[in-house]
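Structure record follows, encoded as structure tokens.
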Amino acid sequence: MLSLKYIQENQEEAIKALKIKNFDAREIIGTIINLDEKRKANQSELDATQAEMNSLSKEIGNLFKSGKTEKANLAKAKTVELKETISELSSESNSILTNLRDLLLQIPNIPHPSVPAGKGEEDNIIVKTLGEIPTLSKNALPHWELAKKYNLIDFELGNKITGAGFPLYRGKGAKLQRALINFFLDLNRDAGYEEVIPPLVVNEESGYGTGQLPDKEGQMYHVTEDNLYLIPTAEVPITNIYRDVILNAEDFPIKNTAYSACFRREAGSYGKDVRGLNRLHQFDKVEIVQIQHPEKSYAALEVMVAHVESIIKKLELPYRLLRLCGGDTSFTSALTFDFEVYSAAQDKWLEVSSVSNFESYQANRLKLRFKEKNSKKTQLAHTLNGSALALPRIVAALLENNQTPEGIRIPKALIPYTGFDIID
RNA sequence: GGAGAGAUGGCAGAGUGGUCGAAUGCGGUGGUCUUGAAAACCAUUGUACUGCAAGGUACCGGGGGUUCGAAUCCCUCUCUCUCCGCCA
């Protein structure tokens, strides 16, 4: 969430910027500022009353000690009114505080000045398109047919065991998953990211920390009996490592990578682009996360984008890089770049990575702060993350683009990981 | 799942109703001493809100209660540890 201080100091700017995200903030920001005025007034009154109470209590204690019981009892009578005032003021203060937080949680992150206006995907800016679009023979197959033909993925079995969107990988299909995961993790490690294996299930607090809650409650599988959530991305557990942490400026950058299975309910998205591997309830992804100094986060974002790009290049897939418009940039992100690979038989661009700078938006929720050397003051850190990479759509493109009459060719860089150079 | 114990500052660990934001030790930071270092000694060392400042207020796992006054007593939730059971 945005910090109150930022909103107060940049009211008009914020309202203007949020229009890029198609969010009309004028009313809510007005309410917040009024509420905060109330909060301050209420708080200082509470503090003063509390102070009076404290000194009176001390006095009573001393009176009792020195045996002046009557005087003490007299003083005690005075506390009755004070107590009542305190309980009124503090319950009011509590309700103001929760109210304020609820409102703050409703405001999306401020988009970076470079984010173009726009409603949806059609307004995203194509930064570049690279790689050769393969020409397939006219009897080329989409990946779900290829997966069946070569016995790589069994969608029906997944359906039987669990339900739609939970495919079962087998044989070379399973090995390909494992190869890609190791390939990605190794490249991320070489780029300086420390590998972690996080829990796949998180508590409510973690969900709030990275912004999945309350905005995207319906997107996560909820284990109600224990009030835990299946992670929709490793971003959630990794970033929450740093919840409630105060770092030193010299700790930056913090870089973590993790493979995890990801679980998404995808409620409401049935019927659209859901064939095969295009959209699943459970999928594999390798994620990268950085915690950065505010002055260096955009430089870090660029490096992250370049890193993801280098991985896609190694896979020899045609791709394009998009700068997302306001309407497509997520609630919590300030600036997001998407990578899409071209899946030839479907003739579709598929999103395989999303790299974002959240600035201090998550950090504020997480209470992730740092101190400059020789400074006592804490400030909010910046968080960034990106997919490096999401597997299913990479697999879709690999299968479709590399199909030949002899079988499916494996890109050179991946062969040491798969142990085979063709699927036949 | 059953029985018991516990949760205090960066860490260890005291504190069982007032003078406790909290002893002491370790660690951190600054300094004295030293050619340099170590040792020793001195000082300092949590977070947040509020205020120009001095200061004030809150926080001893979370929430609630008793009391003039709670780290300390009561209720409740969460978590951790030990033993037993079950188990990859």
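A, B, ... follow the sequence lines: proteins, then strands. Residue 1 opens every chain. Values below: every heavy atom of this structure, side chains too, minus hydrogens, waters and symmetry copies.
In this structure, CG of A:Asp226 is placed 16 Å from P of B:C77, rounded to the nearest angstrom. One can place CG of A:Asp251 at 14 Å from C1' of B:G28, the figure rounded to the nearest angstrom. Regarding A:Leu104, its CG atom lies at a distance of 13 Å from the P atom of B:C49, rounded to whole Å. Here the C1' atom of nucleotide B:U67 and the CE atom of A:Met53 are 9 Å apart, to the nearest Å. Following rounding to the nearest Å, A:Leu97 (CG) and B:U50 (P) show an atom-to-atom distance of 11 Å. A:Asn248 has its CG atom 11 Å from the P atom of B:U47, to the nearest Å. One interatomic measurement links the two molecules: CG of A:Asn94 to C1' of B:G63, which rounds to 11 Å at whole-angstrom precision. Remark: P of B:U50 and CG of A:Leu4 are 8 Å apart, rounded to the nearest angstrom.
The side-chain contact (heavy atoms from CB on, under 4.5 Å) test applied to A:Asn94 returns no partner, not counting sequence neighbours. The side-chain contact (heavy atoms from CB on, under 4.5 Å) search around A:Pro416 returns none, not counting sequence neighbours. A search for side-chain contact (heavy atoms from CB on, under 4.5 Å) contacts involving A:Lys313 returns A:Leu130, A:Glu309, A:Tyr319, not counting sequence neighbours. Legend: residues meeting salt bridge (charged side-chain N to carboxylate O under 4.0 Å, His left out) with A:Arg178, ordered by chain and number and at least two apart, are absent. Scanning for salt bridge (charged side-chain N to carboxylate O under 4.0 Å, His left out) contacts around A:Arg409 gives A:Glu316, with sequence neighbours left out.
Nucleotide B:U72: unpaired (no Watson-Crick or G-U wobble partner with both distances less than 3.5 Å). Applying the Watson-Crick and G-U wobble criteria (two distances, each under 3.5 Å), B:A5 pairs with B:U80. When Watson-Crick and G-U wobble pairs are counted only if both distances are under 3.5 Å, B:G55 pairs with B:U50. Pairing for B:C33 is absent, with no Watson-Crick or G-U wobble pair whose two atom distances lie under 3.5 Å. Pairing for B:A38 is absent, judged as Watson-Crick or G-U wobble with the two contacts each under 3.5 Å. Applying the Watson-Crick and G-U wobble criteria (two distances, each under 3.5 Å), B:U44 pairs with B:G28. Taking a pair to require two hydrogen-bonding distances under 3.5 Å in either a Watson-Crick or a G-U wobble arrangement, B:U67 remains unpaired. Nucleotide B:U16: unpaired (no Watson-Crick or G-U wobble partner with both distances less than 3.5 Å).
Only the P atoms considered, B:A22 is 12 Å distant from B:A71, to the nearest whole Å. Remark: the separation of the C1' atoms in B:A70 and B:A58 is 14 Å, to the nearest Å. Spacing between B:G15 and B:G6 at atom C1', rounded to whole Å, works out to 16 Å. Using P as the reference atom, B:G9 and B:C60 are 10 Å apart when rounded to the nearest Å. Remark: the separation of the C1' atoms in B:U24 and B:G13 is 8 Å, to the nearest Å. With both ends at atom P, the span from B:A43 to B:G25 equals 12 Å, rounded to whole Å. Comparing B:C83 with B:U44, their C1' atoms sit 46 Å apart, to the nearest whole Å. B:A38 and B:U32 have their C1' atoms separated by 15 Å, given to the nearest Å.
A:Ser57 comes within 4.0 angstrom of a base, heavy atoms only. Note on A:Lys371: only backbone sugar-phosphate atoms sit closer than 4.0 angstrom, heavy atoms only; bases stay farther off. Using a 4.0 Å heavy-atom criterion, one finds that A:Leu82 contacts no nucleic acid atom at all.
Both cation-pi conditions hold for A:Lys172 and A:Phe420: the charged atom is under 6.0 angstrom from the six-membered ring centre and inside a 45 degree cone around its axis.
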Pairwise N/O distances under 3.5 Å, protein to nucleotides 51-59 of chain B:
| unit_1 | atom_1 | unit_2 | atom_2 | d |
| --- | --- | --- | --- | --- |
| B:G56 | N2 | A:Asp47 | OD2 | 3.0 |
| B:U57 | OP1 | A:Asn54 | ND2 | 3.2 |
| B:U57 | O2' | A:Asp47 | OD1 | 2.9 |

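For the 3.5 Å distance criterion, the side chains of A:Tyr259 and A:Asp284 qualify, holding a donor opposite an acceptor.
Dashed line: the shortest gap from a side-chain N or O of A:Thr378 to OP1 or OP2 of B:A48 is under 4.0 Å. Using a 4.0 Å cut-off, some side-chain N or O of A:Lys83 falls inside it from OP1 or OP2 of B:G69. In this structure, A:Arg369 does not reach the B:U47 phosphate: none of its side-chain N or O atoms is under 4.0 Å from OP1 or OP2.
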Checklist line | Check against salt bridge (Lys or Arg N to Asp or Glu O under 4.0 Å), A:Arg243 and A:Glu205 | finding: CA-CA 9 Å; A:Arg243 169 153 49 84; A:Glu205 237 183 315; 3.3 Å; yes
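Remark: the A:Lys376 side chain and the B:U45 base include no donor-acceptor N/O pair separated by less than 3.5 Å.
Contact check for A:Ile231 versus A:Val201: no side-chain heavy atoms found under the 4.5 Å cut-off.
Under a 4.0 Å N-O distance rule, the pair A:Glu12/A:Arg26 qualifies as a salt bridge.
Comparing A:Lys65 and A:Leu56 against RNA chain B, the residue whose closest nucleotide sits nearer the 5' end is A:Lys65.
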